[in-house]
Amino acid sequence: MVLSVSIFASLSPYFVSALLLFLLIEQLSYLVKKRNLPGPLFVPPIIGNAVSLVRDPTSFWYKQSDTAGTSRGLSANYLIGKFIIYIRDTELSHQIFSNVRLDAFHPLGHPFGKQLFGDHSLIYLFGEDHKTVRRHLAPNFTPKALATYSDLQQLVMLRHLRQWEESFSGGSKPVSMRDFVRELNLETSQTVFVGPYLDKEARNTFRTDYNLFNVGSMALPINLPGFAFRKARRAVMNLEETLASCAGKSKTRMAKGEEPTCLIDFWMHAIVTEIESGNPPPVHSEDEAIGGLLFDFLFAAQDASTSSLLWAVAFLESDPEVLSKVREEVVKIWSPESGKLITADQLAEMKYTRAVAREVVRYRPPATMVPHIATNDFPLTESYTIPKGTIVFPSVFDSSFQGFIEPNRFDPDRFSEARQEDQVFKRNYLAFGWGAHQCVGQRYALNHLVLFIAMFSSLFDFKRLLSDGCDDIIYCPTISPKDGCTVFLSKRVTT
């Protein structure tokens, strides 16, 4: 024991020196990569500014944006051993989106997404593999498929809205909408994606695992037992295993010639048809791979839609003129008392309501940034080259407030046929991404938002419980109002 202490004491100066040398090299490396970009001159050792990010992500990213606004649309920082660059300028963001390839940039989906999402994510596919998988996803979003999903979406929505009507429509107590909208979206995603292949027990387990994933995605990326990030990764594995099982069941059913009734059926029907025609199985068509790809859809649909639905309620309540126009359009097409669902043709007729949905997504894009990692040095501007290994954060949020006419105003008419700002400023409308990795399900997502706006505004009168900072942005992990969109709900009585 004495000998051990003596050895440790004799070696401790070397350990301390080595540690100090490492910390010095770390700081110098950061400063060399940063060069003349705005950003902190000193970063905390090893973890960088990760604590600030986890403690208050909204303030952290606002500060990065403000700092980038002072110089060329770029700012630098350091997070857990990773040099990062925040990109505020739209045209610089396009440089990233347009160079997603093996020798330039890889999407991450999350700063530590590879650890979190696993190996079977569409995010990490490139080249022919990526093109092939996207081609086989096309049958999932045909008009026939979208019409099938629309019916399922409406059935789930109406069931939840009727429950809200019974529970909260007295209007005497305010209701924070976040958890209720989240439950609505989770059931909708489960029903649309894998409908008949999840029993009640599986759905409950699914909900628990997805909650663990949400919590872990916002935690420090410590992949050790007991930590939220490790629990999230295990939850993702469980979810992907469940979804893989659904894929196998769907393949069996589609091989019998039955009609598709949900997204996984349309997908597996195309795969089964290709195999039966004598072709080899498509790449990434194994059950396990399908499970991973389905989780991508779940993540995108669940959290992004929850964000958009909450902001839609907030903006409709704050702008009575917009709400009135939505109701006027919807009542010509659909009534809650009709006992019918909105058809695909009727959905297409709701042009103003769709414009409202698009403006919600522009004004509050659910995923405010799309992180990528540089696989090689990349000359971004004439004066700055992004170093290999850098995580870059092109800001979809900042782009939404560039170019558009009066961008800080919530104005659905910007998407009217007369103004067509979605075409004039299409390079700034990046909520669904750009280029090869643009969101494949954006029509589904917009339909979901349009249907919710139409049905919610038809069934309810609602008044916001205003409080200081209620519209401040929080990350969970997509953005939502700080108060969870707290409203008084009452059943709407039409005359």
Note to self: Going by the rule ring pair (Phe, Tyr, Trp, His ring centres under 6.0 Å), which residues pair with Phe60 if we only count those two or more places apart in sequence or in a different chain?
What the structure shows: none

Next item on the list: Please name all residues satisfying ring pair (Phe, Tyr, Trp, His ring centres under 6.0 Å) with Phe141, sequence neighbours left out, ordered by chain then number.
Entry: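 For Phe141 there are no ring pair (Phe, Tyr, Trp, His ring centres under 6.0 Å) partners, ignoring immediate neighbours.
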
Which residues share a side-chain hydrogen bond (donor to acceptor under 3.5 Å, both in side chains) with [X], sequence neighbours left out:
X      : result
Ser324 : Glu328
Ser75  : Gln64
Ser457 : none
Asp209 : none

Item checked: Side-chain touch Thr486/Asp483, heavy atoms, less than 4.5 angstrom -> yes

Check: Taking only residues at least two apart or on different chains, which pairs with a member in residues 301-323 satisfy salt bridge (charged side-chain N to carboxylate O under 4.0 Å, His left out)?
Finding: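 Qualifying pairs, neighbours excluded: Glu317-Lys463, Glu321-Lys325.
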
Next item on the list: Write out all pairs satisfying salt bridge (charged side-chain N to carboxylate O under 4.0 Å, His left out) with one or both partners inside residues 356-377, taking only residues at least two apart or from two chains.
Entry: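 Sorted result for residues 356-377: Arg358-Asp422, Glu359-Arg362, Glu359-Arg414.
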
Non-neighbouring partners of [X] that pass side chain to side chain contact (heavy atoms under 4.5 Å, CB included), sequence neighbours left out:
X      : result
Ala367 : none
Thr242 : Leu198, Phe206
Gln402 : Arg88, Thr90, Asp398, Asn428

Next item on the list: Only pairs at least two apart or in different chains count here, so list each side chain to side chain donor-acceptor pair (under 3.5 Å) that has a residue in residues 27-45.
Entry: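 Every pair satisfying side chain to side chain donor-acceptor pair (under 3.5 Å) with a residue in residues 27-45: Asn36-Arg72.
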
